[in-house]
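These notes concern the structure reproduced below.
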Amino acid sequence: MPYDHEAIETRWQAYWEAHETFRADLDPSRPKFYVLDMFPYPSGDGLHVGHAEGYTATDIVARYKRMRGFNVLHPMGWDAFGLPAERYAMKTGTHPAVQMERCAANFRRQCKRLGFSYDWSREINTTDPRYYKWTQWIFLKIWGSWFDPEQNKARPIEELPIPPEVRAKGEKAVRAYQDEHRLAYLTNAPVNWCPELRIVLANEEVAEYVEQGYEVVRKPMTQWMLRITAYAERLLADLDELDWPENLIEMQRNWIGRSEGAEIDFSVDGHDATITVFTTRPDTLYGATYMVLAPEHPLVARITTDDRREEVRAYVDRTLHRTERERQAESAEGVKTGALTGAYAVHPLTGAKIPIWIADYVLMGYGTGAIMAVPAHDERDHAFARTFRLPIVQVVAPADGRAVDIEQEAFCEPGVAVNSPAIEGLPTAQAKAKMIEVLEEKGVGRRRVTYKLRDWLFSRQRYWGEPFPLIHRPDGTVEAVPEEELPVTLPDLDDFSPSETGEPPLAKAKDWVELPDGSRRETNTMPQWAGSCWYYLRYCDPRNDERFVSPEAERYWMPVDLYVGGVEHAVSHLLYSRFWHKVLYDLGYVSTNEPFRRLVNQGMILGATFVPKDRRRRADGKPVQYLPHEVERREGEGGEVRYVVRETGEEVEIQWDKMSKSRGNVVNPDEVVAEYGADTLRVYEMFMGPLEHSAPWQTEGVAGIHRFLGRVYRLFFEETPDGDRLRTLAEGEGTDRQRRLLHRTIADVTERIEKLAFNTAISALMVFVRDIASEAEPLPRMAADAFARLLAPFAPHLAEEIWHALGHADSLAYAPWPEADPAALEAETFPLVVQVAGKRRAEIQAPVDATKEELIELAQKAPEVQRHLQGRTPRRVVVVPKRLVNFVL
RNA sequence: GCCCGGGUGGCGAAAUCGGUAGACGCGGGGGACUUAAAAUCCCCUCCUUCGGGGUGCGGGUUCGACUCCCGCCCCGGGCACCA
């Protein structure tokens with residue numbers, strides 16, 4: 001009988017399940033290895049082959065490490081809060097919890113069918129009250145802390161020093177002071193509100209809804225923020241200690257966006273007010289010819305003169321009604337808009353009066369929300385100055401003395417200061433430093449570092465998320481729900497939409513919101529990121545009802561040794577969880593500064609669609625496309641491949657895209673497993689190329705891997721009338737050749753798994769299977785035994801089948817990994833490449849212990865070499881031991 | 001625009017402390033087995049005017065460059081009025 005993947009795989013999956021083979025228990029006597037997948041949102045579509053790629057990679061590592069004697073933690077769970085379930089509920093009336101449970105069950109089934117060696121006893125679900133109890137608990141720790149800039153860490157709010165003047169004002173003032181300093185604080189932040197649909201939209205959703213004709217306005221709402229900016233410096237600095245992909249580290253660096261410069265104070269003429277600006281180019285201060293405030297800047301209303309008031313108000317209004325996207329589109333075209341306030345600022349060095357404008361190219365969220373405009377040396381200021389015909393004064397000149405036309409174009413490069421009395425002639429770097437000194441002396445400026453990173457908007461006006469464990473008292477104060485009352489569970493609702501005024505859906509659960517003493521529960525819920533911020537900690541101790549994780553379990557398992565997932569979480573999840581982790585670290589709840597030591601991003605698996613050569617579109621504007629089953633592959637005269645639509649005969653081109661439901665190019669792992677088996681799917685996905693690369697899904701390749709596994713099967717089993725049975729093996733290690741091949745394979749596979757170069761590890765297995773045995777040299781017992789173990793991480797079901805047939809009673813999940821014998825890796829001879837004038841002319845077998853002279857002598861004798869030397873004497877002979885000899889002419 | 005990553009056969013790729021370019025697989029061609037087919041097994045498969053030429057392009061260093069240096073081009077990703 002040929003290789004029956006179905007029977008083999010179901011047999012071993014049942015065995016693993018019955019024996020709890022992959023259960024991990026805390027065992028301080030053994031070294032641990034924590035290998036983690038980014039847990040999925042269990043969508044209704046089920047797992048797709050993209051998930052399977054990352055999960056297979058971690059599974060290989062988990063299985064390999066177990067065989068190497070590590071106590072491996074390899075868990076899985078569900079990030080199950082979130083919008084799709086809530087939307088689905090609004091459409092169908094199915095409660096999100098019910099839908100979520102269905103989807104999770106499907107994901108679990110698929111994971112098991114792929115043979116992933118998760119410890120299912122540790123499965124978690126972020127929507128389980130026993131889980132989100134601790135999400136709420138951690139939130140309360142964050143809320144209950146402040147960031148001490150002196151110790152550069154979070155501390156309990158009780159330890160916040162209260163200034164005497166605050167204390168003098170009484171208890172309420174103290175509370176207000178504390179609230180201002182907490183790591184979780186309330187603010188009035190604008191959200192994208194869609195009045196018709198009564199929903200709040202994420203920034204990236206706005207364009208889509210506006211396109212559909214809905215009105216979207218920026219509406220201020222009371223929101224919870226987390227003070228992630230306090231950690232900007234540490235989040236940046238600690239990137240250095242991580243073994244993460246360089247591009248991802250770079251993305252986090254850019255996101256945090258540290259920039260060094262100075263704050264400079266400008267007083268407002270005729271007002272008792274100061275405008276503080278941030279600039280990275282304090283050296284250009286003398287070139288500041290006007291000021292610009294963000295439209296939202298608190299001083300705008302105060303300093304605007306009566307004659308300008310109407311225009312300013314209109315401009316502010318216009319800004320509020322435009323989405324981020326519209327503003328971005330405009331900025332991309334270099335269009336600058338603004339309004340004059342009528343007020344003037346006093347230049348801190350020259351005393352000159354310069355006009356104050358407002359413009360939306362200045363952002364309230366960055367720096368101080370105000371700038372000094374230096375049109376000569378900043379492109380944006382230049383564009384603005386040209387639009388409104390403002391003066392442009394050059395204060396930096398190119399160091400090489402070349403002339404620049406400052407009216408035409410801003411000069412933004414470093415140079416030397418000109419027209420700048422305090423720093424005249426200094427190169428830019430020194431000019432900056434000197435200017436800061438001057439400003440500090442006069443008390444009108446100081447060195448300052450700013451970050452692009454903003455505080456984290458942490459509340460959502462949704463139902464399906466963690467409720468905040470907070471209570472609003474009638475006197476306006478906010479209080480934590482006592483720890484012993486956690487979790488605050490979600491009330492049952494059947495209508496999940498917000499109220500007309502935009503109040504979150506939870507506000508409708510009157511019995512839940514209103515407490516007997518007149519207090520009200522917080523009705524926002526947490527964003528989906530909350531649950532994923534700390535799930536890797538919960539896996540260490542998932543059933544603990546006393547703590548979010550016991551100190552013993554945390555100290556033993558953490559940090560995560562290998563974390564694999566898509567790059568789409570580069571700055572969101574990976575930054576947020578680092579932040580939470582650092583807070584927990586500061587408060588003494590976890591022992592590591594960073595949660596994920598090594599991180600790898602798997603590439604995307606691309607799906608095929610076929611498009612007409614003219615790229616025509618349908619009536620509705622969508623491109624015409626065909627799916628693989630509608631297209632036939634044809635071979636042309638010269639062997640070139642053509643694709644033709646079956647029905648019409650039209651020739652089309654293949655196109656590879658990210659798999660998505662809307663494109664219809666998704667490959668369902670269930671179908672692949674049904675036809676070829678889980679082992680084939682696993683090995684194929686790993687053989688496609690490097691884990692980090694994106695690669696197209698090619699069905700022919702899957703069949704090729706299935707053929708390989710069939711060969712493996714036949715290497716071990718032969719057909720008999722009574723069914724398949726193990727072939728007769730040669731005892732021991734077989735011939736020298738076989739022995740060398742085996743040990744070479746062990747060494748290669750081991751090294752390549754360590755490097756996560758699974759594609760090349762598999763090719764080593766293929767070479768072994770091709771060459772190990774023949775009629776004259778039957779498969780040796782030792783080789784068979786070792787190979788089963790080498791195969792196990794990749795194709796665990798087939799490996800178990802072989803292992804069992806070889807007479808082992810237990811699963812090979814914990815069989816020791818084979819060791820390569822260094823002696824067997826050394827052959828007596830090696831292929832010596834001989835070059836003449838740098839061109840390869842011959843290859844001869846040479847003894848490994850030959851001296852340089854002997855190698856030259858050997859090489860010279862080769863007939864090919866003689867022919868190309870043509871009796872000439874080489875000018876030089878280069879010898880590379882164990883590799884080549886080159887006769888230089 | 002700025003910042004990252006990457007360009008190697010028809011395709012996925014391998015080889016980078018400089019040392020046989022194209023391992024392994026797909027696709028393609030040929031053969032064996034078979035009454036036949038499927039399955040399986042074996043061989044060939046970068047180009048070539050047979051001298052040689054080839055790792056995106058042009059230079060350079062070197063006995064020797066996919067690998068190092070300089071200057072370009074193209075593709076992918078991220079960010080984007082961040083002062």
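So you know, we letter chains A, B, ... as the sequences are listed, proteins then strands, and number each from 1.
Out of B:rU20, B:rG12, B:rC81, the shortest distance to the side chain of A:Glu843 is found at B:rU20. Comparing B:rG25, B:rA23, B:rC4 by their nearest atom to the side chain of A:Phe687 picks out B:rG25. Counting only heavy atoms from C-beta on, A:Met766 has its side chain closest to B:rC24 among B:rC24, B:rC4, B:rC63. The side chain of A:Val833 approaches B:rU20 more closely than any other nucleotide in the set B:rU20, B:rG25, B:rC63. When each of B:rA83, B:rC81, B:rG27 is scored by its nearest atom to the side-chain atoms of A:Glu700, the top-ranked nucleotide is B:rG27. Out of B:rA14, B:rC63, B:rA83, the shortest distance to the side chain of A:Leu363 is found at B:rA83. Ranking B:rC81, B:rC63, B:rA83 by closeness to the A:Tyr361 side chain, first place goes to B:rC81. Among the nucleotides B:rC4, B:rA83, B:rG52, the one closest to the side chain of A:Arg841 is B:rG52. Out of B:rU40, B:rG19, B:rC4, the shortest distance to the side chain of A:Val880 is found at B:rG19.
Considering only heavy atoms from C-beta on, A:Ile856 comes within 4.5 Å of A:Phe887 through its side chain. Counting heavy atoms from C-beta on, the side chains of A:Val393 and A:Tyr286 never come closer than 4.5 Å. With a 4.5 Å cut-off on side-chain heavy atoms, A:Asn601 and A:Trp244 do not count as touching.
A gap of 12 Å separates the C1' atoms of B:rG9 and B:rG27, to the nearest Å. Comparing B:rC79 with B:rC63, their P atoms sit 48 Å apart, to the nearest whole Å. Comparing B:rG7 with B:rC69, their P atoms sit 15 Å apart, to the nearest whole Å. Rounded to whole Å, the separation between the P atoms of B:rG1 and B:rC47 comes to 39 Å. Taking atom C1' in both B:rC2 and B:rU48, one finds a spacing of 45 Å when rounded to whole Å. When the P atom is compared between B:rA14 and B:rU8, the two are found 11 Å apart, to the nearest whole Å. Comparing B:rG71 with B:rC26, their C1' atoms sit 38 Å apart, to the nearest whole Å. For the P atom pair drawn from B:rG22 and B:rA15, the interatomic distance equals 13 Å after rounding to whole Å.
Taking atom CD of residue A:Glu685 and atom C1' of nucleotide B:rC26, one finds them 16 Å apart after rounding to whole Å. Separating the NZ atom of A:Lys336 from the P atom of B:rA83 is a distance of 14 Å, rounded to the nearest angstrom. Distance, A:Lys882 NZ to B:rC17 P: 18 Å, rounded to whole Å. Computed from coordinates, the A:Arg682 CZ to B:rG25 P distance equals 21 Å when rounded to whole Å. Rounded to a whole Å, the CZ atom of A:Arg258 is 23 Å from the P atom of B:rC2. With rounding to whole Å, A:Leu606 atom CG is found 17 Å from B:rC75 atom P. The interatomic distance linking A:Glu53 (CD) with B:rG12 (P) rounds to 15 Å, in whole Å. B:rG77 atom C1' lies 13 Å from atom NE2 of A:His693, rounded to whole Å.
Between A:Ser259 and B:rA83 there is a side-chain polar atom (N or O) within less than 4.0 angstrom of OP1 or OP2. Contact annotation: A:Lys839 does not reach the phosphate of B:rC63 (side-chain N/O to OP1 or OP2, under 4.0 Å). OP1 or OP2 of B:rG19 has not a single side-chain nitrogen or oxygen of A:Arg840 nearer than 4.0 Å. Put simply, A:Arg707 has a side-chain N or O that comes within less than 4.0 Å of OP1 or OP2 on B:rG27. Neither OP1 nor OP2 of B:rC63 sits under 4.0 Å from any side-chain N or O of A:Arg883. Contact annotation: A:Arg770 reaches the phosphate of B:rC24 (side-chain N/O to OP1 or OP2, under 4.0 Å).
Backbone-only contact: A:Asn759 has heavy atoms under 4.0 Å from sugar-phosphate atoms and none from a base. Across all strands shown, A:Gly704 has heavy atoms under 4.0 Å from sugar-phosphate atoms exclusively, and none from any base. If you check every strand for non-hydrogen atoms under 4.0 Å, A:Arg454 touches a base. A:Arg711 comes within 4.0 angstrom of sugar-phosphate atoms only, judged by non-hydrogen atoms across all strands, and of no base. Base engagement by A:Gln835 is indicated by at least one non-hydrogen atom pair under 4.0 Å involving a base atom. Looking at heavy-atom distances under 4.0 Å, A:Ser694 makes contact with sugar-phosphate atoms alone, never a base. Contacts of A:Val767 with the nucleic acid, taken as non-hydrogen atoms under 4.0 Å apart, involve only primed sugar atoms and P, OP1 or OP2. At the heavy-atom level, A:Pro690 lies under 4.0 Å from the strands shown only through sugar-phosphate atoms.
For A:Lys452 and A:Glu250, each mapped to the nucleotide of RNA chain B holding its nearest heavy atom, the one lying further toward the 5' end belongs to A:Glu250. Sequence order on RNA chain B of the closest nucleotides to A:Asp378 and A:Met251 puts A:Met251 first from the 5' end.
Base orientation of B:rG77: anti, the glycosidic angle falling outside 90° of 0. Taking syn as a glycosidic angle within 90° of 0, B:rG28 does not qualify and is anti.
Of the nucleotides present, none pairs with B:rG64 by Watson-Crick or G-U wobble criteria with both distances under 3.5 Å. Pair assignment for B:rU16 gives none, since no Watson-Crick or G-U wobble pairing has each distance under 3.5 Å. Under the Watson-Crick and G-U wobble criteria, each requiring two contacts below 3.5 Å, nucleotide B:rG1 is paired to B:rC79. If you check B:rU35 for Watson-Crick or wobble pairing at under 3.5 angstrom, you find it has no partner at all.
The base of B:rC63 lies close enough to the side chain of A:Asn886 for a donor and an acceptor atom to sit less than 3.5 Å apart.
Between A:Ala846 and A:Leu855, the closest heavy-atom pair is CB-CD2, 3.8 Å.
Because its NZ or CZ atom is not both nearer than 6.0 Å to the ring centre of A:Phe388 and within 45° of the ring axis, A:Lys336 does not count as a cation-pi partner of that residue.
Aromatic ring pairs are classed by plane angle as parallel below 30°, tilted from 30° to 60° and perpendicular above 60°; the pair A:Trp456 and A:Tyr576 is parallel. Note: A:Phe758 and A:Phe794 have perpendicular aromatic rings, judged against thresholds of 30 and 60 degrees for the angle between ring planes.
For A:Asp4 and A:Tyr713, the side-chain atoms include no donor-acceptor pair closer than 3.5 Å.
Tested against A:Val396 for a side-chain contact (heavy atoms from CB on, under 4.5 Å), the candidates A:Ile406, A:Thr284, A:Val374 yield a single pass: A:Thr284.
Within 6.0 Å of atom CD in A:Glu409, 12 or fewer heavy atoms from other residues, nucleotides or ligands are found, so the atom counts as exposed in its surroundings.
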